[in-house]
Visitor: 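Please read through the structure below; I'll follow up with questions.
Naming: A, B, ... by sequence-line order, numbering from 1 per chain.
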Protein chains: 2
Amino acid sequence: MEALRADMFEEICPSSLLPFRIGGDKWAGMVLRCLEDGPRRYSELRVPLARISPKMLTQSLRSLERDGFIRRTEYAEPVRRVTYELTGLGRSLLEPLRTFCSWAEEHWDELLDARES
Amino acid sequence: MEALRADMFEEICPSSLLPFRIGGDKWAGMVLRCLEDGPRRYSELRVPLARISPKMLTQSLRSLERDGFIRRTEYAEPVRRVTYELTGLGRSLLEPLRTFCSWAEEHWDELLDARES
DNA sequence: CCGGATCCAAATTGATACTG
DNA sequence: CAGTATCAATTTGGATCCGG
């Protein structure tokens with residue numbers, strides 16, 4: 001995931017077919033993937049995760065923070081700035097997550113075929 | 001997963017912390033895991049998956065069937081019998097699923113610690 | 001503007017009872 | 001046995017509002 005594209009999880013995309021959940025949170029997986037290249041601000045996350053309402057994004061972030069997957073940092077600057085980044089625990093989850101995404105990419109055609117019939 | 005135990009996914013259990021979803025189905029992951037040792041009947045699935053209502057189990061099974069992960073077979077016998085089993089596609093999903101469960105077991109203590117604070 | 005919080009409508013899930 | 005039907009509860013999403 002080089003940059004944060006707007007259409008990343010939109011429509012038919014392997015990782016959007018397989019959002020996995022951690023403790024009941026539907027969006028957690030995608031949020032974590034958006035953080036894999038480093039800290040992001042709230043508004044930066046809203047770009048690739050355009051399908052999530054601000055409410056659900058906040059809820060997901062809070063939940064991930066509570067469970068120790070991400071760390072929230074608020075900077076005292078003239079313009080308000082809040083960033084989210086993976087903790088060690090969160091980073092360790094990326095591996096199984098990627099295993100999943102690889103699987104999805106590899107079996108993408110089969111998945112679409114099965115859906116159609 | 002040797003046998004189907006009643007408490008398998010109950011309460012605090014690594015794989016119940018990480019139910020993953022396929023196309024919106026919350027229980028899909030656990031259902032698939034219950035099928036990894038071979039075909040099971042509907043009522044057999046209800047034992048380890050005691051927390052799922054019959055409605056959701058049916059819905060999950062239908063969804064997995066529709067997407068090509070499992071196959072439903074109905075036998076014409078005096079006593080009605082329906083079994084569910086993994087397809088090739090479904091079986092291929094077991095590997096990423098197990099990667100997840102291994103991760104959960106490995107980080108179990110950290111997860112509990114984070115939850116408490 | 002940024003980072004949310006609030007309110008309300010809509011969809012999902014769940015428990016329980018019942019049926020072919 | 002293998003599910004449906006029904007209704008209540010929870011979850012989700014959208015839109016809007018708000019404080020710094």
Visitor: Just list the side-chain donor-acceptor pairs under 3.5 Å for residues 53-60 of chain B, sequence neighbours left out, or say none.
Guide:
{"from": "B:Ser53", "atom 1": "OG", "to": "B:Met56", "atom 2": "N", "distance (Å)": "3.4"}
{"from": "B:Thr58", "atom 1": "OG1", "to": "B:Tyr42", "atom 2": "OH", "distance (Å)": "3.1"}
{"from": "B:Thr58", "atom 1": "OG1", "to": "B:Pro54", "atom 2": "O", "distance (Å)": "3.0"}
{"from": "B:Ser60", "atom 1": "OG", "to": "B:Asp25", "atom 2": "OD1", "distance (Å)": "3.2"}
{"from": "B:Ser60", "atom 1": "OG", "to": "B:Asp25", "atom 2": "OD2", "distance (Å)": "2.6"}

Visitor: Roughly how many Å is it from CG in A:Leu57 to P in D:dT12, rounded to a whole number?
Guide: 14 Å
Visitor: OP1, OP2 of D:dG13 versus side-chain N and O of A:Trp27: anything below 4.0 Å?
Guide: yes
Visitor: Atom CE of B:Met56 to atom C1' of D:dT10: distance rounded to whole Å?
Guide: 12 Å
Visitor: Is any side-chain heavy atom of B:Arg40 closer than 4.5 Å to a side-chain heavy atom of B:Tyr84?
Guide: no
Visitor: Nearest 0.5 Å, what's the CG-CZ distance between A:Leu32 and A:Phe69?
Guide: 7.0 Å
Visitor: Provide, to the nearest angstrom, the distance between the CG atom belonging to A:Leu45 and the C1' atom belonging to C:dC2.
Guide: 13 Å
Visitor: Under 4.5 Å between any side-chain heavy atoms of A:Leu61 and A:Leu45, yes or no?
Guide: yes
Visitor: Does this structure show an ion pair linking B:Arg71 with B:Glu85, if we count only N-O contacts that are shorter than 4.0 Å?
Guide: yes
Visitor: Using the C1' atoms of five pairs at each end, what's the angle between the two axes of the helix from C:dC1-D:dG20 to C:dG20-D:dC1, to 10 degrees?
Guide: 30°
Visitor: List for me each residue that meets side chain to side chain donor-acceptor pair (under 3.5 Å) alongside A:Arg81, sequence neighbours excluded, and say none if there are none.
Guide: A:Glu77
Visitor: Could you list the protein-to-nucleotides 1-6 of chain D atom pairs, N/O on both sides, closer than 3.5 Å?
Guide:
{"from": "D:dC1", "atom 1": "O3'", "to": "B:Arg41", "atom 2": "NH2", "distance (Å)": "3.0"}
{"from": "D:dC1", "atom 1": "O3'", "to": "B:Arg80", "atom 2": "O", "distance (Å)": "3.3"}
{"from": "D:dA2", "atom 1": "OP1", "to": "B:Arg41", "atom 2": "NE", "distance (Å)": "3.0"}
{"from": "D:dA2", "atom 1": "OP1", "to": "B:Arg41", "atom 2": "NH2", "distance (Å)": "3.2"}
{"from": "D:dA2", "atom 1": "OP1", "to": "B:Val82", "atom 2": "N", "distance (Å)": "3.1"}
{"from": "D:dA2", "atom 1": "OP1", "to": "B:Val82", "atom 2": "O", "distance (Å)": "3.4"}
{"from": "D:dA2", "atom 1": "OP2", "to": "B:Ser43", "atom 2": "N", "distance (Å)": "3.2"}
{"from": "D:dA2", "atom 1": "OP2", "to": "B:Ser43", "atom 2": "OG", "distance (Å)": "2.6"}
{"from": "D:dG3", "atom 1": "OP1", "to": "B:Arg62", "atom 2": "NH2", "distance (Å)": "3.4"}
{"from": "D:dG3", "atom 1": "OP1", "to": "B:Arg72", "atom 2": "NH2", "distance (Å)": "2.7"}
{"from": "D:dG3", "atom 1": "OP2", "to": "B:Tyr84", "atom 2": "OH", "distance (Å)": "2.6"}
{"from": "D:dT4", "atom 1": "OP1", "to": "B:Arg62", "atom 2": "NH2", "distance (Å)": "3.2"}

Visitor: Can you sort out the partners of B:Arg80 under salt bridge (Lys or Arg N to Asp or Glu O under 4.0 Å), two or more places apart, ordered by chain and number?
Guide: B:Glu74
Visitor: Whole angstroms only, please: what is the CD-P distance between A:Glu74 and D:dG20?
Guide: 12 Å
Visitor: Give the table of side-chain donor-acceptor pairs shorter than 3.5 Å for residues 90-100 of chain A, with sequence neighbours excluded, one pair per line with atom names and distance.
Guide:
{"from": "A:Arg91", "atom 1": "NH2", "to": "A:Leu86", "atom 2": "O", "distance (Å)": "3.2"}
{"from": "A:Ser92", "atom 1": "OG", "to": "A:Leu89", "atom 2": "O", "distance (Å)": "2.6"}
{"from": "A:Ser92", "atom 1": "OG", "to": "B:Trp103", "atom 2": "NE1", "distance (Å)": "2.9"}
{"from": "A:Arg98", "atom 1": "NH1", "to": "A:Glu36", "atom 2": "OE1", "distance (Å)": "2.9"}
{"from": "A:Thr99", "atom 1": "OG1", "to": "A:Glu95", "atom 2": "O", "distance (Å)": "3.0"}

Visitor: Select base, sugar-phosphate, or nothing to describe what B:Gln59 touches, counting heavy atoms under 4.0 Å on all strands.
Guide: sugar-phosphate
Visitor: Could you state the CZ-P distance from B:Arg51 to C:dT16, rounded to the nearest angstrom?
Guide: 13 Å
